[in-house]
Amino acid sequence: MTTPSSGDRAENTIIAVHDESMLPDRNVVSATSKSFNLETGEVIEADILLNAVRFDFEDLAATASCMSYDLETILVFELRTVLGFVGQN
């Protein structure tokens with residue numbers, strides 16, 4: 001994998017997915033897709049995919065709902081994945 005050329009711009013996105021074929025497994029709440037430089041380990045681009053087909057997301061600090069997932073918690077978990085902190089305390 002190579003870094004984008006000076007004219008290219010990597011784009012990091014958070015996507016509410018409405019097509020399950022974009023997900024690694026249709027039952028996951030969220031997933032992270034990232035591209036990185038194999039030589040340096042530098043993350044070039046990362047996208048967070050939220051499964052909007054099967055799950056509802058809300059700001060549970062503002063609205064308490066037992067039928068939804070807390071968007072902030074999901075995003076923090078996925079950002080930790082991008083940064084390489086998953087599995088570390």
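Residue numbers run from 1 in the order of the sequence given.
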Next item on the list: Please report the closest heavy-atom contact between A46 and N12, naming both atoms and the distance.
Entry: N-OD1, 2.7 Å
Notebook entry, point to check: Under the 3.5 angstrom rule, does the side chain of R80 hit a backbone N or O of F85 as a donor-acceptor pair?
Noted result: yes
Note to self: So N27 and R54, do their side chains get closer than 4.5 Å, heavy atoms only?
What the structure shows: yes
Next item on the list: Mind checking side-chain hydrogen bond (donor to acceptor under 3.5 Å, both in side chains) for D19 and listing every partner two or more places apart, or none if nothing turns up?
Entry: S21
Margin query: Looking at E42, is its backbone amide N or carbonyl O close enough to the side chain of T40 to form a donor-acceptor pair, meaning the two atoms are under 3.5 Å apart?
Written below: yes
Notebook entry, point to check: Under the side-chain hydrogen bond (donor to acceptor under 3.5 Å, both in side chains) test, which residues partner S33, sequence neighbours left out?
Noted result: none
Check: side chain to side chain contact (heavy atoms under 4.5 Å, CB included) between N51 and L23: does it pass, once the steps are laid out?
Finding: CA-CA 8 Å; N51 186 345; L23 298 164; 3.5 Å; yes
Notebook entry, point to check: Can you say whether the rings of F57 and Y69 are parallel (under 30°), tilted (30 to 60°) or perpendicular (over 60°)?
Noted result: tilted
Notebook entry, point to check: Do K34 and E45 have side-chain heavy atoms sitting under 4.5 Å apart?
Noted result: no
Next item on the list: Step by step, work out the side chain to side chain contact (heavy atoms under 4.5 Å, CB included) result for V28 and L49.
Entry: CA-CA 10 Å; V28 297; L49 310 173; over 6 Å; no
Item checked: F55 reachable from L75 in the ILVMFWY side-chain graph, under 4.5 Å edges -> yes
Notebook entry, point to check: With sequence neighbours excluded, what pairs up with T32 under the side chain to side chain contact (heavy atoms under 4.5 Å, CB included) test?
Noted result: I48, E78, T81, V82
Next item on the list: Hey, could you give me the OG/CD1 distance between S30 and I74, rounded to the nearest 0.5 Å?
Entry: 5.0 Å
Note to self: Assigning hydrophobic clusters by single linkage (Ile, Leu, Val, Met, Phe, Trp, Tyr; side-chain heavy-atom cutoff under 4.5 Å), is L79 placed with I14?
What the structure shows: yes
Notebook entry, point to check: Between E11 and D47, what is the shortest heavy-atom contact and its length?
Noted result: O-OD1, 3.5 Å
